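Here's a structure for you.
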There are 2 protein chains.
Amino acid sequence: MDRADVATGRQPRSGPPTAAQARVVAAALDLFARHGVGGTSLGMIARSLGVTKAAVFHQYKTKDDIILAAAEAELGHLEAVVDAADAEPTRDRARAVLITGIVDLAVERRGTVSVILSDPVIVGFFVDHQQFRRLMHRLSRLLSDDTGPEAHVPTAMFFAAISGAVMHPLVADLDDETLRSQLLLLTRRLFAAPG
Amino acid sequence: MDRADVATGRQPRSGPPTAAQARVVAAALDLFARHGVGGTSLGMIARSLGVTKAAVFHQYKTKDDIILAAAEAELGHLEAVVDAADAEPTRDRARAVLITGIVDLAVERRGTVSVILSDPVIVGFFVDHQQFRRLMHRLSRLLSDDTGPEAHVPTAMFFAAISGAVMHPLVADLDDETLRSQLLLLTRRLFAAPG
DNA sequence: GTCTATAGTGCGATAGAC
DNA sequence: GTCTATCGCACTATAGAC
């Protein structure tokens, strides 16, 4: 899979990831969150799995492939929430499902989703990534009634607020339940008035 | 300056940065924002300044020193805004100054403040950084009337929302003015009810 | 304040055995 | 699917001349 495929959204991936591939991606996500994508080496991933670099390279040909697989794995979680929201009969219920779903996701994977989706390297991958763009526009359509370009601001803000807040040092001492309920309360306030 | 000094907030720095140091920090911030801290090498910083790596090392002994100087430079901008807010006579006016100040800062330095303050490496520096912790608690006190641990959630969310939203791909095409007014509108909604 | 030159380490990636 | 071994390169950092 080369860069052109990424940009066009073509998916030459060979079906679902193998067990070994899933382990590589899981280890990579954890390290990306702690050291950033650029600060994570294949040696670190290999060491955390108890194998050698060559074994990691056997699963993914290049480091970019690992980054992409990790980013798309996180995107998959998000997509599942948006799918569930889209299946709701009314817009209000869709929004409720979307908001609680994303808050749950962020709290559950506190410090992982967040950092990964805001890492400059991954953002760079996503800028021309069709699956990502489609997902973000679906999110915008669910959250805002506007159609102009400024309709995306609430979505960007909502997304950044949730994923950024859960990993903020200020709330590091807070338990998951308190964090979750506070986030829900504040988010609903954001979208209380007609968006 | 060693790690212990960072943790205790002691400042053995030799006064204000020289012109050459300021140029290094500015170049570093730009590159950190584009490639992440871990993805930025001293060679990249040197090349972007048109000098050699040794010249960069002459200004700062280690890469960590550069990271810290860059992080504290960004922190300085934030501190100036909080200082201005604290000087206001009433809490409502203080909040207004704080919110517009931070929104202005984020839009002005779109894509720089944001990435820098959320980079895992810099967050790691800040966790035990006294100046950062004091600043964040001042921010919390201004934004929330609560005193419990959950009082920090709105602050974390506000901070993450602003700094994260300005660099989100969804709003990449938006002009600064539209982005600024939208952010202000939405932020005021967040803090409309008694916090 | 900048340079050249260099040391030592770790990087991404490959080849080929088991 | 994992290993050992290796390549060429870039990295952080230092020493000493200008």
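Everything numeric here is computed off the predicted structure, so don't read it as measured data. A note on names: the letters A, B, ... follow the listed sequences, proteins ahead of strands, and every chain is numbered from 1.
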**Request:** Check the distance between D:dC11's C1' and B:Asp64's CG and give it to me in whole angstrom.
**Result:**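 Interatomic distance, CG of B:Asp64 to C1' of D:dC11: 14 Å.
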**Request:** Determine: side-chain N/O of B:Arg23 to OP1/OP2 of C:dT2, distance under 4.0 Å, yes or no.
**Result:**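 So the side-chain polar atoms of B:Arg23 do come within 4.0 Å of the phosphate oxygens OP1 or OP2 of C:dT2, strictly under.
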**Prompt:** In whole Å, what is the span from the CG atom of B:Leu42 to the P atom of C:dT6?
**Reply:**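 Checked: the CG to P distance equals 21 Å.
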**Item:** Whole-Å distance separating the CG atom of A:Leu49 from the C1' atom of D:dC3
**Value:**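 Between C1' of D:dC3 and CG of A:Leu49: 15 Å.
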**Request:** Could you state the atom-to-atom distance from OH of A:Tyr60 to P of C:dG12 in whole Å?
**Result:**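 Nearest whole value for this atom pair: 16 Å.
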**Request:** Could you tell me whether a side-chain N or O of A:Arg133 sits under 3.5 Å from a main-chain N or O of A:Asp128, the two making a donor and an acceptor?
**Result:**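 Checked: no pair found.
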**Message:** Does B:Arg180 have more than 12 heavy atoms from other residues, nucleotides or ligands lying within 6.0 Å of its CZ?
**Reply:**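 Yes - once you tally the heavy atoms of other residues, nucleotides and ligands closer than 6.0 Å, there are more than 12.
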**Item:** For atom CZ of B:Phe57 and atom P of C:dA7, their distance in whole Å
**Value:**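 Nearest whole value for this atom pair: 17 Å.
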**Message:** Taking side chain to side chain contact (heavy atoms under 4.5 Å, CB included) as the definition, give me every residue that meets it alongside B:Thr147, ordered by chain and number, with sequence neighbours left out.
**Reply:**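 So B:Thr147 forms no side chain to side chain contact (heavy atoms under 4.5 Å, CB included) with any residue.
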**Prompt:** More 5' along DNA chain D: A:Gln59 or A:Lys53, using each one's nearest nucleotide?
**Reply:**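 The 5'-side residue here is A:Gln59.
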**Request:** Answer yes or no: does a side-chain N or O of A:Thr52 lie under 4.0 Å from OP1 or OP2 of D:dC3?
**Result:**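 Yes.
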**Candidates C:dA13, D:dA13, C:dT2 - which lies nearest the side chain of A:Lys63** =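 When the side chain of A:Lys63 is considered, C:dA13 is the closest of C:dA13, D:dA13, C:dT2.
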**Asked** Quick one: on DNA chain C, does B:Ala54 or B:Thr18 contact a more 5' nucleotide (nearest heavy atom)?
**Response**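 The residue whose closest nucleotide sits nearer the 5' end is B:Thr18.
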**A:Lys63 side-chain N/O to A:Thr40 backbone N/O, donor-acceptor pair under 3.5 Å** =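 Flag set: sc A:Lys63 to bb A:Thr40 pair under 3.5 Å.
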**Nearest-neighbour nucleotide for the A:Thr62 side chain, C:dA13, C:dT2, D:dT2 considered** =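 Looking only at heavy atoms from C-beta outward on A:Thr62, the closest nucleotide is C:dA13.
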**Request:** Could you please spell out the steps behind the side chain to side chain contact (heavy atoms under 4.5 Å, CB included) verdict for A:Asp145 and A:Arg91?
**Result:** CA-CA 10 Å; A:Asp145 299 319; A:Arg91 166 159 294 214; 2.5 Å; yes
**Item:** Sugar-phosphate only, base, or nothing, as touched by A:Ser41 at under 4.0 Å among non-hydrogen atoms
**Value:**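 Sugar-phosphate contact only.
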**Whole-Å gap separating P (C:dG12) and CD1 (A:Ile45)** =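 Distance, rounded to whole Å: 8 Å.
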**Prompt:** Between A:His58 (NE2) and C:dG12 (P), how many Å, whole number?
**Reply:**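 These atoms are roughly 19 Å apart.
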**Prompt:** B:His35 NE2 to D:dA10 C1': how many Å, rounded?
**Reply:**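 Whole-Å distance recorded here is 15 Å.
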